[in-house]
Amino acid sequence: MKKFIENLPKAELHLHIEGSFEPAQMFEIAKRNAIDIPFNSVAEVEEAYKFDCLQDFLDIYYQGAGVLISENDFYDLTYAYLQKCAAQNVRHAEIMFDPQTHTDRGISFETVIKGISSACADAKTKLNISSFLIMSYLRHLPEESAFKTLKQSLPYKHLIHAVGLDSSEKGNPPSKFKNVFEASVKAGYIPLAHAGEEGDASYVWEALDVLKIKRIDHGNNALQDSKLIAEIIKRDIALTVCPLSNTALQVVKDIKDHPLKKMIDLGLKVTINSDDPAYFGGQVNANYSAVQEALNLSKSDLYELAKNSFNYSLLPKPKREFYLAELELYYLQATKKI
Ligand code: HPA
Ligand code: ZN
């Protein structure tokens with residue numbers, strides 16, 4: 001099964017580039033920028049990565065991102081992630097980045113977007129991986145700050161596909177960002193948002209009805225409300241589920257209790273993703289393996305999950321179909337159906 005997962009063509013749709021920052025690379029970049037970090041070894045960092053909740057993690061995640069200064073730093077961070085994609089047969093990645101985490105520290109929007117997008121362009125030619133960028137607004141900050149970010153993004157609009165909403169969920173409902181999402185859609189961005197990770201089902205309703213999102217990041221707490229489940233299915237909206245993130249942040253107590261199978265059985269369209277792989281103990285393939293083992297998923301279940309990852313990506317139809325054909329051929333060969 002591990003081999004089947006390793007070679008399975010797939011897309012990753014929920015990944016924060018700042019959350020892909022591996023401790024070893026963090027030390028290297030901190031050193032070249034002469035920045036002190038409060039850890040002496042990779043082992044010390046790993047010891048600090050024990051979280052009780054989302055906020056616990058976010059405090060350390062923003063601190064880690066603080067060592068990224070130059071365009072080159074953002075390039076190296078992004079290219080390292082895309083190399084991991086290549087090693088896992090991730091054929092397409094939709095990558096979130098948090099501009100405000102950097103602009104609030106005096107790093108220009110231009111530095112961030114140029115570094116990230118040039119790594120994506122190189123990965124396309126050198127690694128044969130396609131990628132789209134999702135500019136995520138930090139929900140703990142005021143809506144005006146998101147508006148400022150939207151404005152800064154406009155000269156680089158051609159490099160960005162969608163807007164997202166992340167950071168501390170509870171107390172920062174989607175409706176707080178109604179106006180900036182409307183303006184973002186007018187500017188040509190596709191609206192996406194984290195909802196129902198720690199927030200209750202009402203946050204998911206707001207994300208759908210107020211922000212008019214096209215995909216739900218996490219969405220676990222949608223299961224609290226059967227009307228909501230029916231509505232998500234009716235609108236054909238997918239959930240980007242992140243199993244190892246859920247256990248690391250105690251959204252789910254044990255991987256054996258993960259509601260992924262229940263979601264599938266209810267008819268929800270689900271995808272598997274890593275969220276912040278450097279912090280949560282595994283890349284996307286480790287996430288597939290964790291749920292496969294815990295929930296006893298079959299090859300056919302895994303095939304459906306990978307199919308969803310392409311079908312609910314933001315790729316144009318011909319490109320989606322290209323990847324789906326590659327996936328189908330792989331599945332038929334791997335299960336000896338042809
Ligand atoms: N939830 C909310 N905000 C985030 C996350 C997450 O899982 N990862 C990075 N920012
Ligand atoms: Zn996330």
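Keep in mind the model is a prediction, meaning the values are calculated, not measured. Note that ligands are numbered from 1 as they come in the structure, with each ligand's atoms numbered from 1 the same way. In what follows, residues are counted from 1 in the order of the sequence shown.
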Kindly write out the residues that satisfy side chain to side chain contact (heavy atoms under 4.5 Å, CB included) with N128, not counting sequence neighbours, or none if the list is empty.
R91
Would you call the rings of [X] and [Y] parallel, tilted or perpendicular, where under 30° means parallel and over 60° means perpendicular?
X	Y	value
F51	F280	perpendicular
H161	F132	parallel
F310	Y323	parallel
Y75	Y79	parallel

So which protein heavy atom does [atom] come closest to, and at what separation?
atom	value
atom 8 (N) of ligand 1	D276 OD2, 2.7 Å
atom 7 (O) of ligand 1	D275 OD2, 2.7 Å
atom 3 (N) of ligand 1	S167 N, 2.8 Å
atom 5 (C) of ligand 1	H16 NE2, 3.6 Å

From the list N273, V204, L260, I216, side chain to side chain contact (heavy atoms under 4.5 Å, CB included) with L239 holds only for I216
Rounded to the nearest 0.5 Å, what separates atom CG in L297 from atom CG in L305?
6.5 Å
Quick one: do K50 and D56 make a salt bridge, cutoff under 4.0 Å?
no
With only distance considered, is [X] within less than 3.5 Å of ligand 1 through an N or O on each side?
X	value
S245	no
D98	no
H14	no

Of the backbone atoms (N, CA, C, O) and the side-chain heavy atoms from C-beta on, which set of E169 has a member under 4.0 Å from an atom of ligand 1: side chain, backbone, both, or neither?
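Near ligand 1, E169 shows nothing, with every heavy atom at 4.0 Å or more.
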Under 4.0 Å, heavy-atom basis, I'd like to know which part of L54 is in contact with ligand 1: side chain, backbone, both or neither.
side chain
Flag yes if Y203 and L165 sit in one hydrophobic cluster, no otherwise; membership is Ile, Leu, Val, Met, Phe, Trp, Tyr, and two members link when side-chain heavy atoms are under 4.5 Å apart.
no
With heavy-atom distances below 4.0 Å as the criterion, list the atoms of ligand 1 near E197.
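Within the 4.0 Å cut-off of E197, ligand 1 contributes 1 (N), 2 (C), 6 (C), 7 (O).
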Numbering the atoms of ligand 1 from 1, which are under 4.0 Å from a heavy atom of H218?
7 (O)
Charged tip of K299 within 45° of Y331 ring normal and under 6.0 Å:
no
With a 4.0 Å cut-off on heavy atoms, is G19 in contact with ligand 1?
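The answer is no, since G19 has no heavy atom less than 4.0 Å from ligand 1.
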So is E18 close enough to ligand 1, meaning a heavy atom under 4.0 angstrom away?
no
With a cut-off of 2.8 Å, how many protein N, O or S atoms neighbour the Zn ion (ligand 2)?
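For the Zn ion (ligand 2), protein nitrogen, oxygen or sulfur atoms under 2.8 Å: 4.
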Partners passing ring-ring contact (aromatic ring centres under 6.0 Å, His included) against H194 (at least two apart in sequence or in another chain)
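Partners of H194 by the ring-ring contact (aromatic ring centres under 6.0 Å, His included) criterion, ordered by chain and then number, come out as H14, H16, H218.
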Would you give me the side-chain donor-acceptor pairs under 3.5 Å for residues 151-160, sequence neighbours excluded?
residue : atom : partner : partner atom : Å
S153    : OG   : L150    : O            : 2.7
S153    : OG   : Y189    : OH           : 2.8
K157    : NZ   : A187    : O            : 3.1

